Peer 1: 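I have a structure here, written as structure tokens, and I will follow up with some questions on it.
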Amino acid sequence: VFDVLIVGGGPAGAAAAVYAARKGIRTGVLAERFGGQVLDTLSIENFVSVKETDGPHFAVALEQHVKSYEVDIMNLQRAESMVPGKLIEIKTASGAILKSKTVILATGARWREINVPGEQQYRNHGVAYCPHCDGPLFKGKRVAVIGGGNSGVEAAIDLAGIVGHVTLIEFGAELRADAVLQRKLRSLNNVTIHVSAQTTEIHGDGKKVNGLSYTDRVSGATKLVELEGVFVQIGLVPNTEWLKGTVALSRHGEIEIDAKGQTSIPGVFAAGDVTTVPFKQIVIAVGEGAKASLSAFDHLIRNSFD
Ligand code: FAD
């Protein structure tokens, strides 16, 4: 039986593990892929105090830090369901049942992909998903943002201040972002907006992106935009499918937490991209993981008298 069982081995889960282990309590980490989204990241330049690193190095550093403590790491294991109770049970895809007094859910999220030719080939070579992370790499260049919802329009406004030119591409007949964001976007002189536009392909020279094709859904014509970068902003999907019917989720499927990282179930905490916490970033996930872990410890000292 664990005191704290952490599900997820990204920045949030790793931080939670370090904080729990330092309290001298029995700590386990169950992770499908230790490192999480960081493994798919090329360069990281905004983890404050580390001027520049890359995803694989950052993931190794996370793992080494966790392994320097007594933590039971169960990597390449997927949690399939959670059963609340005095002891909370986590069932894995391999059939194991793990029991713990507290659980920290840190299963992260994934960017929704556009699924057109070129997206996978040029991922990290012009195709990006996070404007806060990769915007500065396109300083002075031409980029497109795919998606006219709040995140797409916010990304376009943000990028317009850094890059040379932004083309915003929206599938529907109108942008879906809040009016105030749309007004701001339309006031910028280096932004072009295309609605009723279906992205069909991201082009490149074999090494990096050099263009994007879309179909004008009104005229049926195919258009080519020359550019150096494409930001896909059609949604971030939290990894909570396995939790449906247990903890309370927001309408976007994110785990609802309070200021201490407590979920709707006593003894179950959550941290990082999988939660309702605004802004999905490594430095934020790490802080949230530490917070959830301290909350779990607080729960343990208030509730276990055996
Ligand atoms: P994740 O990193 O998503 O980790 C989730 C963990 O849970 C993983 O170990 C996963 O395998 C595991 N998991 C999921 N489901 C299950 C399950 N059912 N059972 C067991 N384990 C499970 N942020 C920055 O701050 N700077 C950047 O430069 C930056 N660049 C990025 C570039 C890319 C391409 C991407 C995709 C993201 C980038 N981000 C960046 C965002 C950052 O990676 C995330 O905010 C951060 O990783 C969130 O950490 P997390 O621990 O909450 O979740």
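For reference, positions follow the sequence shown, starting with 1. Ligands are counted one by one from 1 in listed order, and the atoms in each one are counted from 1 as well. These numbers were taken from a predicted model, which means no experiment stands behind them.
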Peer 1: Please report whether ligand 1 has a polar contact with Asn124, defined as an N or O pair separated by less than 3.5 Å (distance criterion only).
Peer 2: no
Peer 1: To the nearest 0.1 Å, how far is atom 32 (C) of ligand 1 from its closest protein heavy atom, and which atom is that?
Peer 2: Thr41 OG1, 3.2 Å
Peer 1: Check ligand 1 against Trp242 and write out every atom of the ligand that is under 4.0 Å from a heavy-atom position of the residue.
Peer 2: 18 (N)
Peer 1: For the atom pair NZ (Lys51) and CG (Asn46), what is the distance rounded to the nearest 0.5 Å?
Peer 2: 13.0 Å
Peer 1: Tell me the contacting part of Ala106 for ligand 1: side chain, backbone, both, or neither, using a 4.0 Å heavy-atom threshold, strictly below.
Peer 2: backbone
Peer 1: For the pair Glu201 (side chain) and Pro117 (backbone), establish whether a donor and an acceptor sit closer than 3.5 Å, ignoring hydrogens and angles.
Peer 2: no
Peer 1: Does atom CZ (Arg22) have a neighbourhood of more than 12 heavy atoms from anything else shown, all under 6.0 Å?
Peer 2: no
Peer 1: Among Glu241, Arg33, Glu80, which one puts a heavy atom closest to atom 8 (C) of ligand 1?
Peer 2: Arg33
Peer 1: Is there a heavy atom in Val274 that sits closer than 4.0 Å to ligand 1?
Peer 2: no
Peer 1: Would you mind telling me if ligand 1 is within reach of the side chain of Ala109, the backbone, both or neither, using heavy atoms under 4.0 Å?
Peer 2: backbone
Peer 1: Kindly compute the distance separating OG1 (Thr240) from CG (Leu105), expressed to the nearest 0.5 Å.
Peer 2: 10.0 Å
Peer 1: Mind checking whether Glu32 has an N or O less than 3.5 Å away from an N or O of ligand 1?
Peer 2: yes
Peer 1: Identify the closest protein heavy atom to atom 51 (O) of ligand 1: which residue and atom is it, and at what distance?
Peer 2: Ala12 N, 2.9 Å
Peer 1: Are Glu288 and ligand 1 in contact, using a heavy-atom cut-off of under 4.0 Å?
Peer 2: no
Peer 1: Checking a contact table here: which protein heavy atom is nearest atom 43 (O) of ligand 1, and how many Å away?
Peer 2: Gln37 CB, 3.5 Å
Peer 1: Around Glu226, counting heavy atoms of other residues, nucleotides and ligands shown, do more than 12 lie under 6.0 Å from its CD?
Peer 2: no
Peer 1: Can you report which non-hydrogen protein atom sits closest to atom 6 (C) of ligand 1, along with the distance?
Peer 2: Gly9 N, 3.5 Å
Peer 1: Can you tell which part of Phe47 has a heavy atom less than 4.0 Å from ligand 1: side chain, backbone, both or neither?
Peer 2: neither
Peer 1: Please determine whether any non-hydrogen atom of Ser43 lies less than 4.0 Å from an atom of ligand 1.
Peer 2: yes
Peer 1: Any luck finding a side-chain donor-acceptor pair between Ser295 and Gln262 under 3.5 Å?
Peer 2: no
Peer 1: Roughly how far, to the nearest 0.5 Å, is the NZ atom of Lys139 from the CD atom of Glu228?
Peer 2: 15.0 Å
Peer 1: What's the separation between atom OH in Tyr214 and atom CD1 in Ile146, rounded to the nearest 0.5 Å?
Peer 2: 12.0 Å
Peer 1: Which of the numbered atoms in ligand 1 are under 4.0 angstrom from any heavy atom belonging to Arg78?
Peer 2: 17 (C), 18 (N), 19 (N), 20 (C)
Peer 1: Near Ala285, which atoms of ligand 1 are under 4.0 Å from a heavy atom of that residue?
Peer 2: 48 (C), 49 (O), 52 (O)
Peer 1: Does any N or O in the side chain of Asn239 come within less than 3.5 Å of the main-chain N or O of Thr107, such that one atom is a donor and the other an acceptor?
Peer 2: yes
Peer 1: Are Thr167 and His194 close enough that a side-chain donor and a side-chain acceptor fall under 3.5 Å?
Peer 2: no
Peer 1: Main chain of Phe171, side chain of Arg217: is a donor-acceptor contact present, judged purely on distance under 3.5 Å?
Peer 2: yes
Peer 1: Nearest protein heavy atom to atom 14 (C) of ligand 1, by residue and atom, and its distance?
Peer 2: Thr107 O, 3.2 Å
Peer 1: For Pro11, is at least one N or O under 3.5 Å away from an N or O on ligand 1?
Peer 2: yes
Peer 1: A quick test of your reading: do over 12 heavy atoms of other residues, nucleotides or ligands sit less than 6.0 Å from OH of Tyr19?
Peer 2: no
Peer 1: Suppose I only count heavy atoms of Lys280 and a 4.0 Å limit; which atoms of ligand 1 are within that range?
Peer 2: 45 (O)
Peer 1: So, Ser293 side chain and Ala16 main chain: donor-acceptor pair closer than 3.5 Å or not?
Peer 2: yes
Peer 1: Tell me which protein heavy atom sits closest to atom 26 (N) of ligand 1, plus the residue, atom name and distance to 0.1 Å.
Peer 2: Asn46 OD1, 2.8 Å
Peer 1: For Asp40, take its heavy atoms, then give the atoms of ligand 1 lying under 4.0 Å from any of them.
Peer 2: 34 (C)
Peer 1: Could you list which atoms of ligand 1 come closer than 4.0 Å to a heavy atom of Gly108?
Peer 2: 1 (P), 3 (O), 5 (C), 53 (O)
Peer 1: Has ligand 1 got any nitrogen or oxygen that is less than 3.5 angstrom from a nitrogen or oxygen of Ile282?
Peer 2: yes
Peer 1: For ligand 1, which part of Gln77 has a heavy atom less than 4.0 Å away: the side chain, the backbone, both, or neither?
Peer 2: backbone
Peer 1: Distance to 0.1 Å, residue and atom name: give those for the protein heavy atom nearest to atom 7 (O) of ligand 1.
Peer 2: Gly8 CA, 3.2 Å
Peer 1: To the nearest 0.5 Å, what is the distance between CG (Leu87) and OG1 (Thr102)?
Peer 2: 10.5 Å
Peer 1: Measuring from atom 44 (C) of ligand 1, which candidate in Asp273, Leu105, Val277 has the nearest non-hydrogen atom?
Peer 2: Asp273
Peer 1: Go through ligand 1 atom by atom and flag the ones less than 4.0 Å from a non-hydrogen atom of Gly272.
Peer 2: 52 (O)
Peer 1: Give me the residue, atom name and distance of the protein heavy atom closest to atom 39 (N) of ligand 1.
Peer 2: Cys133 SG, 3.8 Å
Peer 1: Output yes when the distance from some N or O of ligand 1 to some N or O of Ala79 is under 3.5 Å, and no in every other case.
Peer 2: yes
Peer 1: Less than 4.0 Å is my threshold; does some heavy atom of Trp111 fall inside it relative to ligand 1?
Peer 2: yes
Peer 1: May I ask you to check whether Gln233 and Glu154 show a side-chain donor-acceptor distance below 3.5 Å?
Peer 2: no
Peer 1: Distance from Ile90 atom CD1 to Glu80 atom CD, nearest 0.5 Å?
Peer 2: 11.5 Å
Peer 1: Check this for me: does any side-chain nitrogen of one of Asp298 and Lys260 sit under 4.0 Å from a carboxylate oxygen of the other?
Peer 2: yes
Peer 1: Start with the C-alpha distance between Leu159 and Phe231, add both sets of side-chain angles, then the distance that settles side chain to side chain contact (heavy atoms under 4.5 Å, CB included), and finish with yes or no.
Peer 2: CA-CA 10 Å; Leu159 290 165; Phe231 283 82; 3.6 Å; yes
Peer 1: Ignoring angles and geometry beyond distance, decide whether Gly35 reaches within less than 3.5 Å of ligand 1 through its nitrogen or oxygen atoms.
Peer 2: no
